[in-house]
Amino acid sequence: MSKVVTMAEAVAAYVPDGATVAIEGFTHLISFAAGHEVIRQRRRDLTLCRLTPDVVYDQMVGAGVARKLVFSWLGNPGVGSLHAIRRAVESGALEIEEYSHFGMVGRYAAGAANLPFYPLRSYLDSDLPAVNPALRTVRSPYDGEEIHVVPPLRPDVTIVHAQRADRDGNTQVWGLLGCQKEAAFAAAHVVVVAEEVVDPQVIRADPNRTLIPGLVVDAVVHCPRGAHPSFAQGHYDRDNAFYLAWDAVSRDPARLAAWLDEWVYGTADHAGYLDRLGADRWTGLTPGPARSGTVDYGDYR
Amino acid sequence: MSKVVTMAEAVAAYVPDGATVAIEGFTHLISFAAGHEVIRQRRRDLTLCRLTPDVVYDQMVGAGVARKLVFSWLGNPGVGSLHAIRRAVESGALEIEEYSHFGMVGRYAAGAANLPFYPLRSYLDSDLPAVNPALRTVRSPYDGEEIHVVPPLRPDVTIVHAQRADRDGNTQVWGLLGCQKEAAFAAAHVVVVAEEVVDPQVIRADPNRTLIPGLVVDAVVHCPRGAHPSFAQGHYDRDNAFYLAWDAVSRDPARLAAWLDEWVYGTADHAGYLDRLGADRWTGLTPGPARSGTVDYGDYR
Amino acid sequence: MTGHSPTEMMVVAGARAMAGTRVCFVGIGLPNIAVALAQRTVAPAIELIYESGVYGARPSRLPLSIGDPCLVTGATAAMGMLELFQYYLQRGLVDLGFLGAAQLDRYGNVNTTVIGPYDAPRTRLPGSGGASEIAQNAREVFVLMRQSRRSFVPRVDFVTSSGRGLSRVITDLGEFAHRDGELTLTHLHPGVDVDQVREATGWPLSVAADLAESAPPTDAELRLLREELDPDRTYLR
Amino acid sequence: MTGHSPTEMMVVAGARAMAGTRVCFVGIGLPNIAVALAQRTVAPAIELIYESGVYGARPSRLPLSIGDPCLVTGATAAMGMLELFQYYLQRGLVDLGFLGAAQLDRYGNVNTTVIGPYDAPRTRLPGSGGASEIAQNAREVFVLMRQSRRSFVPRVDFVTSSGRGLSRVITDLGEFAHRDGELTLTHLHPGVDVDQVREATGWPLSVAADLAESAPPTDAELRLLREELDPDRTYLR
């Protein structure tokens, strides 16, 4: 019954060429390890979905895995541009479909809830609807008000990194929750990548903390530090030096190719990547403790 | 800055005659104490909203506070009918407006999200839209599908019982969450009734557990055991004997009036009600411990 | 175990019908005990969903209602009702909706709203609760209810939820399947004959060519019901 | 403290503009440091909201981005983005949206999408992020940005979010208010004259009759910025 597999197995099974893929996480818990494995397996023609195509999508686009990008904010947060993506967009090599954050979240929510559209108050007097025909309006049957709607987004696979999951894929996350829940429920397949694979009793001890049930999860990958250089609340901080350094790498196609050779193609898996990174890298990235406290659910017999 | 007041003050300030009132909680955390205070203050012409008009609404309707009921399931759960409400409905004395559970939750969600309508898949081939003109349809601009919608519900005041809140009204709940969050955000005013008023640091130690922010809360009432005879997860069990006994009381208007005299009009407040109930009543209603465990948010400096 | 009551037979038949079900949305009333029995017999891996906002319940006692605190403690997930209705039920993750009903007609339409006209009801019933959305979104729906001419009517007074998704009805007399657009008797419980069922059915009864007899409750099933699950006869009264 | 940079003046002016604000939705980039300064000076009770899903942040360090883990630890509430966008922003609970911008026009329209035609961009910018919904749902919007003829253009190349709700723009040269449908210079920073602003504005500059001079940063403000909040010059570079 266990769904625990290696990252290589998960990507081989659930990320075929041409798939629509969402590796979600808003600055937090971004599965770089999954992105790297997609590159290693040399996938092609993917449609990559994500509110914030981060450095991991820059790496993936730089490696040539993508045909199209569906997004709402395109940048290296706090640093500047994602140069590989920007080159591909400006040259026309990468098709784009563009929303706002709320629009993207609404799209996942419509997918997760099996709704034909999701209504939201945005895009008023904006030029976005003029360049994206998927942004439409619906008239309220109550007051006649027109409101914008977005269509459902249903990825073929959603990949999320989490602090912990059990072997059936029951997943708990704390800190920033982004839109991982919606992206998971919206998808045909879900891969959960976890810092820790825990006993089901750990999950069941705090049912309100469960973000994604194993019911919608196909594979669980145990991959500590798999979100590096992004962060995992309570586990490690964002490796900001990496984000800053990426700018120069990404500006230069040759340097980018060399980086991929060394860090992705040149490593067998995420353990290899971590070996190359070295233990010293984590100095200063480990937070002190800040425990949540407990609540009592009560034993009712 | 503290919003802590007595129940009498909260009801006097936020439940005027004629108000639209939601005392929410799905079997869990039903603020009987607030309902009783509304009766004590002899409010009239209220529109009572609630998915499951429970014994507390039967008491309120029996006491004559209500003009109208907006609901989705009308019963004494696990026991049978709510006779005071049923008499009032069957005699035409109480106006009703009827949805399904999902419809009611959608109405609160539309209110909370400031949406003109909420779409949902329900009511297909049902007679409910024929008797409730507020149930309408919208056509999807993507695939032309017709989907049912419900209008926003915006109570004048929502009252919720919670396990804990701080003095600013930041509220945490565990166990069944019902639609308290949506009902609170949808309302013009919110009263939180809490088993415990805790230090803000308790809330801030686990920000993912926060259900309702003080931002939308007007008053905090400290009222341990204020949900009796319903339950508070981890604090006390449902007093099922009360629910069973209520059936006979509610069947007979004279017995109902006597009950109100003794337990509501005849007590100054919920402390008085608890005194009358007696300490022995809680034997067998107190669960054993079942702690959630903690998570680490990390101290980032 | 000596003998069994019609209610016990009904609950046992309801439990057995859940064999192979992965995800069951548990309605108010009798389904609770049938599901509890199924979880201990034919469907140990069944995942239980409750509209109160619970997925993957492992109740340590028989729940008194669909909102019992024992459903939360030890569950896989507890959430708000909006999330449950949207991401589980409406998303299509529920294999089986298991409901009770007050009144049912030949076409499987269910009435839990009113007896008599809506605006001047003879009897005001509880209303839809989650039934309307469960009927529309669960892959299939079973109904568990006691059968009589009062409850099995030619045409329900009010369609609370449509019979479209209703595939099976289990009563204290037998079992019905939705065939060719109407409810058809497929099983008789032991000791019940077709005339008895016809007598308790408010429309011209359609009987399956392959009409079968339900196996009586086993001793193990009865022991579980009487001694472990419902010694106080909360549901079996 | 000796002197101050135009960026420091801009950030100080941005912070001061938040006096009296109760709930601020903090955008990407420079607003972060202005908000941090405001929280320590004119607006100690301000509640900070981030689109990343945080309400009531009390960051123990200057956040590197709007998704910094220090925003969560010790916050009042952390939630999914859907809840934040719907129940806080769209619900109308945000008093002020505080944003950065790449390009802005006379009417307050903001462009963070493209320079040049959308289908053949000269420069591809990040896009909307939450700006489109913040502009529409926050009670008012302030923009904090460096000013030049490249950024202050007669007509933006692309309207990412409409100028409708934009009430104030704070730059390294001065401050603008939305008056009579266009941005009007209301404050000059110390040492800046109107001609300098005109030179850095890509449309015929409208100057308020009551044009005032911003008070220079105080020593306390500068000390907070330089020594406590941003000693590494993350934002003040």
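For the pair A:Asp237/D:Pro69, a side-chain contact is recorded, criterion being any heavy-atom separation below 4.5 Å from C-beta on. You'll find the side chain of D:Phe158 reaches within 4.5 Å of the side chain of A:Val131, heavy atoms only. Contact annotation: the side chain of D:Leu125 never approaches that of A:Trp73 to less than 4.5 Å [non-hydrogen atoms, C-beta and beyond]. Contact check for D:Ser132 versus A:Ser122: side-chain heavy atoms found under the 4.5 Å cut-off. Counting only heavy atoms from C-beta outward, the side chains of A:Phe102 and D:Met81 never approach each other to under 4.5 Å.
Of the listed residues (A:Gly175, A:Gly106, A:Ala130), the greatest number of heavy-atom pairs within a distance under 4.5 Å of chain D belongs to A:Gly175.
Contact annotation for D:Arg122: only backbone heavy atoms (N, CA, C, O) come within less than 4.5 Å of a heavy atom of chain A. The part of D:Ile66 that comes within reach of chain A is its side chain, from C-beta onward, which places non-hydrogen atoms under 4.5 angstrom from that chain. Both the backbone and the side chain of D:Leu64 come within less than 4.5 Å of a heavy atom in chain A. For a residue to count as touching a neighbouring chain, one of its non-hydrogen atoms must lie under 4.5 Å from one of that chain's; by this rule D:Thr123 touches chain A with backbone and side chain alike. Only the side chain of A:Tyr118 has a heavy atom closer than 4.5 Å to any heavy atom of chain D.
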Could you please spell out the steps behind the side chain to side chain contact (heavy atoms under 4.5 Å, CB included) verdict for D:Thr113 and A:Glu98? CA-CA 10 Å; D:Thr113 303; A:Glu98 181 166 9; 3.6 Å; yes
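Using a 3.5 Å distance cut-off with no hydrogens or angles, the side chains of A:Gln233 and D:Thr73 do pair a donor with an acceptor.
If you run side chain to side chain contact (heavy atoms under 4.5 Å, CB included) between A:Asp127 and each of D:Val114, D:Asp157, D:Asn111, D:Val159, only D:Val159 comes through.
With rounding to the nearest 0.5 Å, the separation of OH in D:Tyr50 from OG1 in A:Thr27 is 12.0 Å. Here the OG-NE2 distance, from D:Ser128 to A:His101, works out to 7.5 Å after rounding to the nearest 0.5 Å. Atoms CG and CG, on A:Leu177 and D:Leu82 in that order, are 11.5 Å from each other to the nearest 0.5 Å.
With hydrogens and angles disregarded, no donor-acceptor distance shorter than 3.5 Å links the side chain of D:Ser162 to the backbone of A:Asp125. Not one N or O on the side chain of D:Glu133 forms a donor-acceptor pair closer than 3.5 Å with the backbone of A:Arg121.
Heavy atoms of other residues, nucleotides or ligands lying less than 6.0 angstrom from CZ of D:Arg149 number more than 12.
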